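First the structure, in the form of structure tokens, and then the observations on it.
Please read these numbers as outputs of a predicted model, since none were measured by experiment.
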Amino acid sequence: MDFFTLIQILDSTLRLATPLLLACLAGLYSERAGIFDIGLEGKMLMAAFFSAAIAATTGNAWLGLLAGTGASLMLAALHGVASITFRGNQLISGVAVNFLAAGLTVLIAQSWFKQGGRTPSLLGNGRFDPIELPFAIGPTEAEAAGRPLSHLLAEAGPLQQAYSELISGHSILVYLSLLLVPFTAWLLFGTRFGLRLRAVGENPAAVDTAGISVVGLRYAAVMICGVLCGIAGAYLSTALQAGFVKDMSAGRGFIALAALIFAKWRPWHALGACLLFGLFQALELRPDVLEAIFQVKIQSQFLGALPYVMTVVILAGFVGKAVPPKSGGEPYVKER
């Protein structure tokens, strides 16, 4: 495997890890506040549909992003009302969100566009275009040279290949997701809000005794979760792909939860875990690489199953004990 092939795999890894990272950070906020949310999958799916639908209708990816985030926030609010206000079972509420999204997206898509539960393909400003950074070899230079971009990159030096293929050429949502990692680490571990949010997940009674609203903090965490899931869903349908198809989240919400447990509810570790899962998905697209390394023919179906196998391994606790927030999953009842 040459260096350029490695860079291409890492580039695919970053693209495929982005929705996982956004959903993982979403779950991090929610679960640190004591609200378990297995409805990440449903919120991503609903956001993916409305982002693609509005982008296809208006021709504006930013309006699609707003619509997708709004749809995700509505489901987040529903989960919050059920699990915080009415103190319902958080797991059942999350399952309900997933079922609701899976059914509604196909129903509305078929009624709206009549394309078998799909949206029209997104073109032009309906998608988030890759950002070509300064001095990178990109489509502009390839067009000026009248040569395929892949040829120019293959002839470039290693540093230029890494910069042009791995660092440059991503949509703004990819860069945003990466910036959210240090921001989340700072917010949760370096601010008063973060301290209170983490305290709510560990000992809500102590937070309430200090005169701080437990309900307010938990709703804030759930809403932040909704925003991040909305961005993740919008990325799926308006950046990674060019439109919505049925069940396009493809279990990414559950993989993100596994990555969150693997990372033990820490932002930087979440980045590493999501990149690992993204690598598995990238290798599914390039089985020839592993075949060249191990000299054995590998079925793509096996590579496609790797993220889900790893999810089971993590949830079974084979990668070390992960201790969730002490009050996670438990509704808070204020003592009279």
Side-chain angles (χ1 to χ4, degrees), residues 14 17-40 43-44 69 72-73 76 79-80 83-84 90 94 173-232 235 253 255-278 314-315 317 319-332:
L14 183 56
T18 295
L20 299 179
L21 178 58
L22 288 165
C24 188
L25 292 177
L28 176 63
Y29 280 100
S30 182
E31 296 197 8
R32 277 287 186 175
I35 303 298
F36 288 166
D37 191 354
I38 63 173
L40 300 177
K43 289 194 280 288
M44 288 175 64
T69 303
S72 178
L73 280 171
H79 179 59
S83 59
I84 301 174
Q90 297 172 11
L173 299 183
V174 174
Y175 299 114
L176 174 63
S177 69
L178 294 175
L179 289 174
L180 282 172
V181 176
F183 175 78
T184 297
W186 167 78
L187 185 66
L188 288 180
F189 298 98
T191 67
R192 181 179 298 177
F193 172 78
L195 175 63
R196 291 174 174 177
L197 191 72
R198 289 184 289 119
V200 164
E202 296 292 339
N203 192 343
V207 175
D208 191 24
T209 302
I212 301 168
S213 173
V214 173
V215 171
L217 282 171
R218 286 190 165 180
Y219 263 109
V222 168
M223 291 298 104
I224 293 173
C225 175
V227 170
L228 293 178
C229 283
I231 299 173
Y235 174 80
I255 295 176
L257 281 176
L260 181 59
I261 297 171
F262 191 19
K264 299 181 180 178
W265 294 271
R266 292 174 290 184
W268 287 106
H269 294 72
L271 173 61
C274 291
L275 287 174
L276 175 63
F277 283 114
I314 289 172
L315 293 177
V319 294
K321 186 177 181 181
V323 181
K326 293 181 181 178
S327 296
E330 299 178 2
Y332 176 66

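Contact detail for Pro331 and Gly329: the closest heavy-atom pair is CD-O, 3.8 Å. Between Phe262 and Ala273, the closest heavy-atom pair is CD2-CB, 3.8 Å. The heavy-atom pair separating Pro325 from Glu202 by the smallest distance is CA-OE2, 3.5 Å. Minimum interatomic distance between Ala23 and Ala232 (heavy atoms only, all atoms of both residues): N-CB, 4.3 Å. When all heavy atoms of Gly253 and Leu40 are compared, the closest pair comes out as O-CD1, 4.0 Å.
Distance check: Leu25 CG to Cys274 SG gives 7.0 Å after rounding to the nearest 0.5 Å. Put simply, CD1 on Ile38 and NE2 on His79 are 8.5 Å apart, with the number rounded to the nearest 0.5 Å. The OG1 atom of Thr191 lies 8.5 Å from the CG atom of Leu197; values are rounded to the nearest 0.5 Å. Atom CG of residue Leu20 and atom CZ of residue Phe277 lie 8.0 Å apart, to the nearest 0.5 angstrom. Annotation: the span from Leu260 atom CG to Arg266 atom CZ amounts to 11.0 Å, rounded to 0.5 Å. One distance of note links CG of Leu271 with CG of Leu276; it measures 11.5 Å at 0.5 Å rounding.
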Under 3.5 Å, sequence neighbours excluded: what are the donor-acceptor pairs made by side chains of residues 178-188?
| unit_1 | atom_1 | unit_2 | atom_2 | d |
| --- | --- | --- | --- | --- |
| Thr184 | OG1 | Tyr29 | OH | 3.0 |
| Thr184 | OG1 | Leu180 | O | 2.7 |

Solution key, residues 215-229 side-chain donor-acceptor pairs under 3.5 Å, sequence neighbours excluded:
| unit_1 | atom_1 | unit_2 | atom_2 | d |
| --- | --- | --- | --- | --- |
| Arg218 | NE | Ala33 | O | 2.9 |
| Arg218 | NH1 | Glu330 | O | 3.2 |
| Arg218 | NH2 | Val200 | O | 3.4 |
| Tyr219 | OH | Gly80 | O | 3.4 |
| Tyr219 | OH | Val81 | N | 3.4 |
| Tyr219 | OH | Thr85 | OG1 | 2.4 |

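Applying the salt bridge (Lys or Arg N to Asp or Glu O under 4.0 Å) test to every pair with at least one member in residues 30-39, sequence neighbours left out, gives these pairs: Asp37-Lys43.
With a 4.5 Å cut-off on side-chain heavy atoms, Ser327 and Asn203 do not count as touching. Residues Phe36 and Ser83 fail the side-chain proximity criterion, which asks for heavy atoms closer than 4.5 Å.
In this structure, Ser30 contributes its side chain and Ile35 its backbone to a donor-acceptor pair below 3.5 Å.
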